[in-house]
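As the structure is a computational prediction, the values presented were derived from the model and not from experiment. Labels below follow one simple rule: chain letters A, B, ... track the order of the sequence lines, proteins then strands, and each chain is numbered from 1.
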There are 2 protein chains.
Amino acid sequence: MSSYKDIQRLTGLSLATISKYFNGRTVLDENRRAIEEAAEQLGFRPNTIARNLRSGRSRTVGVLLPALTNNFHLTIIAGVEKALHDAGLSVLVAASPEPGDAVGLLMSRMVDGIITVPPPHDVPALAAAAAGIPVVQVDWQADGLATDGVFLDNRGAGALAARLLIDHGHRRIGLVGGTPDVSTHRERSAGFRAELAANGITPDDTLLTAGAWTVAGGQESMRHVLAARDRPTAVFCASHELTLGALIALNDSGLRLGRDLSLVGFDARELAMATLPRLSIVEQPTHEIAARAAERLLARLADPGADPEPVLVTVDPHFVPGASVAHLDG
Amino acid sequence: MSSYKDIQRLTGLSLATISKYFNGRTVLDENRRAIEEAAEQLGFRPNTIARNLRSGRSRTVGVLLPALTNNFHLTIIAGVEKALHDAGLSVLVAASPEPGDAVGLLMSRMVDGIITVPPPHDVPALAAAAAGIPVVQVDWQADGLATDGVFLDNRGAGALAARLLIDHGHRRIGLVGGTPDVSTHRERSAGFRAELAANGITPDDTLLTAGAWTVAGGQESMRHVLAARDRPTAVFCASHELTLGALIALNDSGLRLGRDLSLVGFDARELAMATLPRLSIVEQPTHEIAARAAERLLARLADPGADPEPVLVTVDPHFVPGASVAHLDG
DNA sequence: CTCTCGAAAAGAAACGTTTCGCTCTCTCTC
DNA sequence: GAGAGAGAGCGAAACGTTTCTTTTCGAGAG
């Protein structure tokens with residue numbers, strides 16, 4: 001709409017001075033008032049685009065996700081927006097469900113940094129981008145992408161669930177897990193198995209499944225586990241989707257949650273509140289993850305000359321108790 | 001990184017010609033090849049920021065939401081991103097939980113349009129923005145904001161739920177509703193009551209609640225309804241949050257879903273699958289709403305001279321059957 | 001062989017900022 | 001009272017494009 005030139009016309013000041021004012025640098029009180037009055041009258045706001053072009057920074061960060069179908073990922077947007085808004089940065093959302101130039105798109109918009117759950121096909125482009133601007137990975141770590149990252153302690157999360165079940169006296173324990181091709185699931189399952197082993201429970205591979213990381217996958221794995229000759233007394237579901245799928249399969253089976261089968265879910269707080277009895281879950285602190293990722297990015301932006309060595313942040317899972325884990329005697 | 005100037009250096013062509021090429025206008029075959037080769041070699045991409053500045057359009061739309069805590073709203077982002085990505089537009093996310101200059105922020109970034117669930121305090125600014133760029137409202141309509149909009153047929157959704165319960169023989173029916181200050185809830189409740197009345201059921205105000213539009217509000221309303229002297233046989237919960245709250249209260253009460261009390265929920269597909277028995281719900285087609293909103297915006301962008309009269313699109317609710325509504329005889 | 005006409009290329013001016021040197025005006029010090 | 005130094009203002013050049021206007025080139029017509 002209006003520009004510095006209009007303010008110049010009204011105040012007689014130079015563009016340089018007006019620029020100084022809008023960048024918070026000191027200006028004579030008299031001039032400050034004049035500018036403020038003119039800006040008010042014009043309803044003026046500096047044009048961010050022009051600013052970006054000239055200054056080479058856009059005060060925008062790209063959030064690149066493999067898809068926007070996943071609740072966890074959407075929540076990342078929310079957390080990042082919140083954290084960055086306070087720092088005066090905006091969020092540009094990009095989904096990259098299939099190969100394309102999503103990273104290039106962000107770069108051409110001059111984003112100052114990228115926070116991403118790295119879509120596999122974008123990893124090379126991300127690596128290239130990381131040479132120029134800070135990149136922070138979240139949720140899972142891509143091979144060959146050496147950048148800062150914020151991840152759940154997935155081993156710990158798996159172990160936490162296992163320990164809980166063991167502490168309640170369970171010995172015959174199943175796992176509804178995800179395929180090991182994504183590091184997050186590999187670790188979660190590994191932590192779970194390790195904890196079982198550490199407690200003298202020999203893993204029974206017919207009970208420890210690794211299916212598709214979806215609701216359907218969870219259903220199928222759960223059916224499989226329930227059909228085992230010697231049904232487990234407890235099961236851990238290693239993600240939100242798997243938990244939902246498993247619950248559906250359990251309900252369909254006619255077995256009763258908590259009574260016939262104990263269950264520890266993952267990341268499904270809402271679900272957990274609505275089931276009867278309430279679900280006990282292991283939960284990742286999604287907002288904290290997003291906030292820490294934003295924090296990392298801001299730190300990199302604040303100090304571009306810092307040690308380029310990637311900083312990896314690990315956050316701890318919570319346990320949210322419910323009533324879906326029965327106490328077994330003996 | 002690199003710019004037209006670098007391509008000029010490599011090809012000897014003028015900036016104007018290079019610009020023509022990158023805008024898909026015709027260029028001598030020989031030059032086309034030269035440019036492509038140079039661009040390839042440089043890893044060049046035109047700078048979107050400079051383009052925007054010069055052309056006055058950013059090929060970006062702002063999605064302005066009151067908060068990012070609500071799942072429905074996050075899903076709007078997803079749907080809009082998908083629809084706009086195909087048209088070559090990007091999505092800038094802005095949350096405006098408290099008064100501020102969120103709209104100004106978007107405008108200063110030269111967004112070509114805005115899709116919004118209008119935060120009340122931003123309505124005046126949105127109205128001003130709407131004079132310059134297309135604005136599309138979604139979910140609920142703000143007073144005094146005459147723009148295109150895409151809304152659920154909320155009256156119809158309320159009526160749908162009522163009819164379903166009536167058809168199953170219920171006569172004593174409760175409502176867990178939201179405060180009437182937001183049009184969406186007002187309509188939903190109104191449709192529900194109207195349908196009851198149309199079937200000769202005198203509304204009983206102790207059963208028809210209107211509390212805070214939150215999980216806690218749903219819990220409270222549900223407790224209230226269950227405590228009524230003559231408890232209803234069925235209840236409709238008018239939003240996702242209210243449904244969750246009501247379920248929690250129901251579970252806490254010891255009454256059994258579907259057997260002791262029939263329930264129709266709203267917009268809680270995931271929850272619906274996990275309860276026992278499954279919840280019957282009325283659902284709004286979130287992705288369709290987002291897609292239609294994007295479509296409206298694209299139409300406005302394509303034809304800026306069109307009739308400025310607001311176009312209002314209404315989408316129909318679905319019914320997703322479950323087993324939480326008992327059939328009453330007589 | 002010149003003239004005309006159209007297509008494509010070139011030149012240059014914008015778009016709205018920031019920033020780099022300067023200049024100017026004070027005030028402080030010796 | 002002169003010189004230095006700080007603080008503020010100014011003019012102009014950039015940032016990387018698009019677009020308006022002008023120029024060039026080549027082919028076809030007479």
Side-chain angles (χ1 to χ4, degrees), chain A residues 1-36 38-39 42-60 88 90 104-112 132-133, chain B residues 1-36 38-39 42-60 88 90 104-112 132-133:
Chain A
M1 300 274 161
S2 46
S3 74
Y4 282 5
K5 282 204 184 127
D6 300 294
I7 299 210
Q8 180 174 42
R9 194 170 311 127
L10 293 184
T11 63
L13 293 167
S14 78
L15 298 182
T17 302
I18 300 171
S19 171
K20 272 179 68 178
Y21 168 78
F22 282 106
N23 286 20
R25 288 188 281 130
T26 64
V27 151
L28 287 188
D29 240 43
E30 173 196 349
N31 296 336
R32 186 172 55 65
R33 262 191 295 278
I35 294 175
E36 280 167 356
L42 293 166
F44 173 82
R45 262 193 83 119
N47 181 315
T48 307
I49 298 282
R51 277 191 158 164
N52 296 348
L53 176 60
R54 176 57 226 226
S55 62
R57 301 174 324 145
S58 63
R59 302 200 68 71
T60 297
S90 294
L105 192 84
L106 291 175
M107 294 300 283
S108 81
R109 289 188 128 89
M110 296 174 76
V111 294
D112 294 343
I133 58 172
Chain B
M1 297 274 159
S2 48
S3 74
Y4 282 4
K5 283 205 184 129
D6 300 292
I7 299 210
Q8 179 174 44
R9 196 172 308 125
L10 293 185
T11 63
L13 294 167
S14 78
L15 298 182
T17 302
I18 299 171
S19 170
K20 271 179 69 179
Y21 169 77
F22 281 107
N23 286 1
R25 287 186 283 132
T26 66
V27 152
L28 250 33
D29 239 43
E30 174 194 349
N31 294 337
R32 185 173 54 67
R33 262 192 295 278
I35 294 175
E36 279 167 357
L42 293 166
F44 173 82
R45 261 193 84 120
N47 181 314
T48 306
I49 297 284
R51 278 192 157 163
N52 296 348
L53 176 58
R54 178 54 226 230
S55 63
R57 300 176 324 144
S58 63
R59 301 201 67 73
T60 298
S90 294
L105 193 84
L106 291 175
M107 293 302 283
S108 80
R109 289 185 127 90
M110 296 174 77
V111 293
D112 294 342
I133 58 173

Gap between atoms [atom1] and [atom2], on [X] and [N] respectively (whole Å):
X	N	atom1	atom2	value
A:Arg45	C:dG16	CZ	P	16 Å
B:Glu30	C:dA9	CD	C1'	12 Å
A:Arg57	D:dC15	CZ	C1'	14 Å
A:Arg109	D:dC15	CZ	P	22 Å
A:Asn47	D:dC15	CG	C1'	13 Å
A:Ile49	C:dT18	CD1	P	13 Å
B:Arg32	C:dA9	CZ	C1'	17 Å
A:Tyr4	C:dA14	OH	C1'	18 Å

Between [atom1] on residue [X] and [atom2] on residue [Y], distance to nearest 0.5 Å:
X	Y	atom1	atom2	result
B:Ser108	A:Asn52	OG	CG	8.5 Å
B:Leu15	B:Lys20	CG	NZ	13.5 Å
B:Thr17	B:Gln8	OG1	CD	9.5 Å

### Task
Specify whether B:Tyr4 and B:Phe44 have parallel, tilted or perpendicular ring planes, treating 30° as the upper limit for parallel and 60° as the lower limit for perpendicular.
tilted
### Query
Which pair of heavy atoms, one from B:Thr11 and one from B:Ile18, lies closest together, and at what distance?
OG1-CD1, 4.5 Å
### Query
Given that A:Asn31 and B:Phe44 both sit by DNA chain D, which one's nearest nucleotide is further toward the 5' end?
A:Asn31
### Task
Please determine, by modelled atom types, if B:Thr60 and B:Arg109 share a side-chain donor-acceptor pair under 3.5 angstrom.
no
#### Entry: B:Leu53 vs B:Gln8, nearer the 5' end of DNA chain C by closest nucleotide
B:Gln8
### Task
Take A:Arg54 and A:Lys5, find for each the nucleotide of DNA chain C with the closest heavy atom, and name the residue whose nucleotide sits nearer the 5' end.
A:Lys5
### Message
Return the pairing partner of C:dT19 with a 3.5 Å limit on both distances, Watson-Crick or G-U wobble; otherwise return none.
### Response
D:dA12
### Message
I'd like to know whether CZ of A:Arg32 has more than 12 heavy-atom contacts from other residues, nucleotides or ligands below 6.0 angstrom.
### Response
yes
### Message
Contact list please: residues 13-28 of chain B against DNA chain C, heavy atoms, distance less than 4.0 Å, in numerical order.
### Response
B:Leu13, B:Ser14, B:Ala16, B:Thr17, B:Lys20, B:Thr26, B:Val27, B:Leu28
### Query
Of all the nucleotides listed (C:dG16, C:dC15, D:dT17), which has the minimum atom distance to the side chain of B:Ser3?
D:dT17
